[in-house]
Structures are given as structure tokens and as C-alpha cells.
Amino acid sequence: MTSTGSRYAAKPWLDLLTDAQKAPLHPDASLVHALRRVVAETPDRTFLAYFDGRLTYREADELSDSVAGRLAARGLERGDRVAVVLQNSPHFVLAVLGAWKAGGIVVPVNPMYKSGETGHVLRDAEASALICSDRAWEAYLRDTAADSPVRIVLTACELDFQTRGDARVLAFARQPVTDADDLTETARAGHPAPPDRAPAADDTALISYTSGTSGTPKGATNTHRNIMYNAERQRTGLGLPEAPVYFALAPLFHITGLVCEFGACLTSGGTLVLAYRFEAGVVLDAFAEHRPHYTVGPSTAFMALAAHPGVTRDHFASFTVISSGGAPLPPALVERFRAGFGPYIRNGYGLTECTAPCASVPPHLEAPVDPVSGTLAVGVPGPQTVVRVLDDQGEEVPFGEQGEIVVSGPQVVPGYWRRPDATAETFPGGELRTGDIGFMDERGWLYVVDRKKDMINASGFKVWPREVEDVLYTHPAVREAAVVGVPDGYRGETVKAYISLRPGARTDPGELAAYCGERLAAYKYPRQVEILPELPKTASGKILRRELRSRND
């Protein structure tokens, strides 16, 4: 809880915002209401573009009405949970809108989860309904759902709503399913949506499960107001043209994609371009075909796009703003990308628990780089958000000093789903304790150093992996870098770097270690370096340090 005497509550970052960005927002609706507004104003505008397929706002509204009607007819009640296990296709959008229109709470689930991970979510959320791909249902979800409260199932074939069948991402066949409703057929059946079930602003919209990097995944309860605030903040703050084209680079099941792509596009009355899942060549072709104005994705996605042999500056010529979120953004990548392709990638920072962004780089500014640590600022908070930095005793530290980042504002969720102890620990007084270490300068620029739990203790010296990784990214051969602490009999822990190389580049572990040794204190540079073809990542693009760390157990 911030106090009136807080240096952070004075919001020095307001001086960095334009009048439009400083304007307060008080949304009192949901994305369902936003959809109805756009349908009333421009019903025939393209809402969803999926390869060669198109759905207008009117069509998406009618199709999702029918999904809602079928869910209600099957017994879905207001407040029941609907798990959605789908990639970036129109089916995901229709499933989410249909669930909300039926009064349900959406539980977005990563399609890359294994049976045990998905089963935990279905049981913990007490999901009544499941909407998934036909292939996943046949492969493992039928058995997984049998050990859960799920009683309503709709399956989808992502070959629907397009005819191109791009074999790079759509190289699969339709799976006949006899024990579940087909989502596309359901959507086209014309079921009437149940009346008077449109969600209220403070109803729970999502139960978004954390990635589980620090224990069993917990479900953050994002409200419709949380979502609308950040979606509207994106709409008013980015300076995009009227009816902008958004490309869904981040997966929609991740909070960044759902709010900053799907939500912001809908509130803007724009077009959302979908390409099933990330494949660099497919994405570049979509950029050339649809000429998007905005996208947001992890730094690893931009690394992959920059490394593609067919990439040109023209692929990025249409963009007004490109943002990065979900994974650390090295300063070297920002400059390398700008030099090669033109756009400046704008950093951002947020968590599931604050419904995606709580700080970002305004479009009229560039993020400074801290001269001491070399860390790129993640941005500045919005006008109704307060970000503070606290020491281990919960006291504010002066500007420029490191501590734990805590957030309060309209985007912070009320808590975790049926986890009162975890809620009390993480949200004391309604303020989110992020577990991230960082600092803020006197102008209000926020810098994230690292996760609290990822700090390496080498002979009593603190080493933050991000600092070492940022140095590695300046090496011309390095494509991806991840630094972890590994057991060491003498130092307790020592620094190890895992590297993937840029196409055609050559180097060796000794050369990379020496490169860091020339640029970092002796206790910081990696004593061990291992080169891998690819680094393990989550579906949202975060490099899995946990998995790399476990290789040394």
C-alpha cells in the first residue's frame, strides 16, 4: 500500500508521458461490450485474418453467440470455468468470446502442456467445459479430462476458416471425434446466445495460470476490468492509425497476447492477423501480406526473425510500433535489429498478475540504458499505476537502488484462485509483490535486473544472470544466451552460460568465456560455457533457465 509521502507515489514518470497517455481510464465494461460497439459501428470490417480466411466483426459476433448458446444448453452456468487449449486461430477467439457470453470464466491453457500439467489446471480450476483441438483430444486430453470435473467438450480443427493449408504450420489432418461437439459446426449452427449473461466489469474473466517457475502453477484471477484497462491503455497510448492491423506474434493463451493483441485490437476496432503458431518464415510472409501496424512478442521471436535467411527490411516497413515482452530484451538486440531492419523494439514489463503490462516504453521515447549495469529500461508506468522498489524489510529504497519491484493499479488482479494464503503473501494490501529485482531512476524509468530466485551466489558475491547475458548478446556469434548458477565445490555456485549461435557463426566456449572475462568482474564471468543448437523455451518465448539448471543436478 503506497503512502502519500512515498517518493514513488509522486509519479515522476508522468513528465515523460503525453497528454493522451496521461488521460485517466475508468473502464466499466468487458471485451464483449467492446465487440458489440464495433459491430454496431462497422459490422463488415475484417476482425480476424487467418491465412487466406477472413471473419468480419458481425460474423465473429454471430458465431460466438452460437458457441455461447450451445454451452448454455449443455448446462454451463454463470461463473463456471471453461478451459481453452488452442493455438492462435479463429477458434480461440470464438471460444473465449462464446464462454464470456455464456457467463463463463475462461481458463487459457498452454497447448504445449503435457497431460499432467493440463490435468492440474483442469482440476484446480474445477473446469466444467473444455474447448481444445481435435488432435489433442484424441492424443491425450480425453484421458486427462476423464480425471477432472469437465463435463462439456468442444473440439476444433484449426484447418477451418482458411483454405491455404500452409504445411509449415498446418501439416496435420482432421481427426474425426464422436464424443464431443465440433466447435466450427456449433458456431455455424445459429444457437441464440443466452440473454442477460454478459459479464460485469468486476466479474472474473480469466483464471490465468502462472508458468510454475517457482512451484505449482497458481491461477491469477484477471477481471474484465483488469483486461479492459490494459487493452484501453494500449489503444490510447500507442498512437496507431484508425482500424489498425495487429499481428498476433505472442500466443493468445498467454496474457500478453490476449490483452495486448486480442484485447487491444478489439477495443480499437482493428484487424487481428493469426498464423496458428510461431514459425519465422510464416510470420514474415504474414507481415508482407497483411502489412501490420503493431505486434508484441518475446525477444527470442525477434532473434529468430532476424536470423531467417529470407528476411528483409521491407518485412517491417508497415509497423508503427513493435513491442517486446515476456522475456528480457538485451540492448544489443535492439540496436542490431534497428540497424538491420529499421524498427526500434520497445521494451515492456508485466506479469500475469498485473494483466500484462505495468510499464512500457512510450512510442515517442527510447529506453535509456543504465550506464553502470548495461541494463535496458523496461519503460515507465502508466498514469494510474504506482511501481515502487522495496528492500527486504519492505521499506522503499531511494531511486537508483535495487530492491523488489511492487505494483499497484487498475490492472493488478484481486488475487489467486482459491489460494488465500498465496494471495495474502503476494498481494499485501492489494499491492503485487513481483519477486523481480530492479530499480527506478529519478525520472521514473524502471529497470528489471532479474528474478529474485535466479540470483547466483558465487563465493558470497551476487551475480545477476541478466548482466552476464547482456554482455554475451553483444558478441557477434551469439543468437541466444542463458546464464544459471551451478554447484561448485569451492565457490558454492559458479556461473555457467548456455549459448545458441547465429546461423553460420563459429566460436568456442573458451573464446566466449574470455570475451566475458574482458568485460565483467572476475566473479561474474562464466567459468563454464556450453553451446546448444537451441535453448529450451516456454510457448511464450521465455528461455527456461530452470530446465538448463536441472541439467547440472
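In this text, all values refer to a predicted model and were calculated from it rather than measured experimentally.
- Residue pairs meeting the ring pair (Phe, Tyr, Trp, His ring centres under 6.0 Å) criterion with at least one member in residues 54-110, sequence neighbours excluded: F47-Y57, H91-F161, W100-H224.
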Check the pair L206 / I255 against side chain to side chain contact (heavy atoms under 4.5 Å, CB included), numbers first and verdict last.
CA-CA 9 Å; L206 306 172; I255 196 69; 3.9 Å; yes
Begin with the C-alpha distance, continue with both residues' side-chain angles, and end with the deciding distance and a verdict on side chain to side chain contact (heavy atoms under 4.5 Å, CB included) for L130 and V85.
CA-CA 8 Å; L130 169 65; V85 191; 3.7 Å; yes
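- Of all non-hydrogen atoms in I227 and A205, the two that sit nearest each other are CD1-CB, 3.6 Å.
- Between V106 and A99, the shortest heavy-atom distance links the atoms CG2-CB, 3.7 Å.
- Considering every non-hydrogen atom in both N226 and P410, the closest pair reads ND2-O, 2.9 Å.
- Contacts of Y416 classified as side-chain hydrogen bond (donor to acceptor under 3.5 Å, both in side chains), with partners at least two apart in sequence or in another chain: E353.
- Using a 4.0 Å cut-off between a side-chain N of Lys or Arg and a carboxylate O of Asp or Glu, R74 and D181 qualify as a salt bridge.
- Contact check for L25 versus M228: no side-chain heavy atoms found under the 4.5 Å cut-off.
- Residues satisfying the side chain to side chain contact (heavy atoms under 4.5 Å, CB included) criterion with P331, sequence neighbours excluded, are V369, L376, D470.
- Contact record, I207 with R81: CD1-CG, 3.7 Å, taken as the closest heavy-atom pair.
- For F287, the ring-ring contact (aromatic ring centres under 6.0 Å, His included) criterion is met by F247, F316, F319, not counting sequence neighbours.
- Using a 4.5 Å heavy-atom cutoff, the side chains of V121 and V107 are in contact.
- T221 pairs by the side-chain hydrogen bond (donor to acceptor under 3.5 Å, both in side chains) definition with nothing, not counting sequence neighbours.
- Judged by distance alone, the side chain of H293 and the main-chain N or O of V321 form no donor-acceptor pair under 3.5 Å.
- Contact annotation: the side chain of L14 approaches that of P383 to within less than 4.5 Å [non-hydrogen atoms, C-beta and beyond].
- Using a distance-only test at 3.5 Å, with no hydrogens or angles considered, a donor-acceptor pair links the side chain of S324 to the main chain of G297.
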When you look at Y344 and R346, which way does the side chain to side chain contact (heavy atoms under 4.5 Å, CB included) test go after all the steps?
CA-CA 6 Å; Y344 174 81; R346 300 189 176 280; 3.8 Å; yes
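- Between D15 and R443 there is no salt bridge, since no side-chain nitrogen of the basic residue lies less than 4.0 Å from a carboxylate oxygen of the acidic one.
- By the side chain to side chain contact (heavy atoms under 4.5 Å, CB included) test, H33 is found to be paired with A29, S30, A198, residues two or more places apart in sequence or in another chain being considered.
- Of the possible polar contacts, one joining the H254 side chain to the T256 backbone as a donor-acceptor pair under 3.5 Å is found.
- Taking 4.0 Å as the cut-off between side-chain N and carboxylate O, R37 and E41 count as a salt-bridged pair.
- Salt bridge absent: K114 and E117 never bring a charged side-chain N and a carboxylate O closer than 4.0 Å.
- Formation of a donor-acceptor pair under 3.5 Å by the W417 side chain with backbone atoms of K218 is not found in this model.
- The main-chain N or O of V67 is never found under 3.5 Å from a side-chain atom of T186 such that the two would form a donor-acceptor pair.
- Under the rule for a side-chain hydrogen bond (donor to acceptor under 3.5 Å, both in side chains), the partners of S208 that lie at least two apart in sequence or sit in another chain are N222.
- To the nearest 0.5 Å, atom CZ of residue F302 and atom OG of residue S323 are 7.5 Å apart.
- For E366, the salt bridge (Lys or Arg N to Asp or Glu O under 4.0 Å) partners at least two apart in sequence or on another chain are R338.
- T144 and S115 are linked by a side-chain donor-acceptor pair at a separation below 3.5 angstrom, with hydrogens and angles left out of the test.
- The main-chain N or O of V406 is never found under 3.5 Å from a side-chain atom of R388 such that the two would form a donor-acceptor pair.
- At least one donor-acceptor pair closer than 3.5 Å links the side chain of T426 to the backbone N or O of A422.
- With respect to E59 and R54, no salt bridge is recorded, no charged nitrogen being found less than 4.0 Å from a carboxylate O.
- P12 meets the side chain to side chain contact (heavy atoms under 4.5 Å, CB included) test with F399; sequence neighbours excluded.
- Not counting sequence neighbours, Y229 has no partner by the ring-ring contact (aromatic ring centres under 6.0 Å, His included) test.
- For the pair S6 and E396, the minimum side-chain heavy-atom distance is below 4.5 Å.
- Side-chain polar atoms of D436 and Y349 form a donor-acceptor pair below 3.5 angstrom.
- Atom-to-atom distance recorded for D203:CG and R78:CZ is 6.5 Å, nearest 0.5 angstrom.
- The two atoms that bring F253 and P111 nearest to each other are CE2-CD, 3.2 Å, heavy atoms only.
- Using a 3.5 Å distance cut-off with no hydrogens or angles, the side chains of R233 and Q384 do pair a donor with an acceptor.
- Looking only at atom types and distance, the side chain of N88 has no donor-acceptor partner in the side chain of Y50 under 3.5 Å away.
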Side chain to side chain contact (heavy atoms under 4.5 Å, CB included) for L544 and K537? Distances and angles first, verdict last.
CA-CA 5 Å; L544 284 167; K537 290 181 281 291; 5.7 Å; no
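- Looking at heavy atoms from C-beta onward, I437 lies out of side-chain contact with I405 at the 4.5 angstrom threshold.
- Looking at T375 and V448, their side chains never come closer than 4.5 Å, going by heavy atoms from C-beta outward.
- Qualifying side chain to side chain contact (heavy atoms under 4.5 Å, CB included) partners for P362, counting only residues two or more places apart in sequence or in other chains: L17, Q21, H364, L365, V380, W445.
- Between the T385 side chain and the C358 main chain, no donor and acceptor come within less than 3.5 Å of each other.
- When all heavy atoms of A145 and W137 are compared, the closest pair comes out as CB-CZ3, 3.9 Å.
- Using a cut-off of 4.0 Å between Lys/Arg side-chain N and Asp/Glu carboxylate O, K101 and D61 are scored as salt-bridged.
- A salt bridge links D454 with R545: at least one charged nitrogen is closer than 4.0 Å to a carboxylate oxygen.
- Within 6.0 Å of CD in E401 there are more than 12 heavy atoms belonging to other residues, nucleotides or ligands.
- Side-chain contact between V413 and C354 is absent, with no heavy atoms from C-beta onward closer than 4.5 Å.
- With rounding to the nearest 0.5 Å, the separation of CD in E158 from OG1 in T184 is 9.5 Å.
- Counting heavy atoms from C-beta on, the side chains of L274 and L272 come closer than 4.5 Å.
- For the residue pair T434 / E404, no side-chain donor-acceptor distance below 3.5 Å is found, with atom types taken as modelled.
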Which donor-acceptor pairs under 3.5 Å do side chains of residues 257-267 form with protein atoms, sequence neighbours excluded?
unit_1, atom_1, unit_2, atom_2, d
E261, OE2, L249, N, 3.0
E261, OE2, A250, N, 2.9
T267, OG1, G263, O, 3.4
T267, OG1, A264, O, 3.1

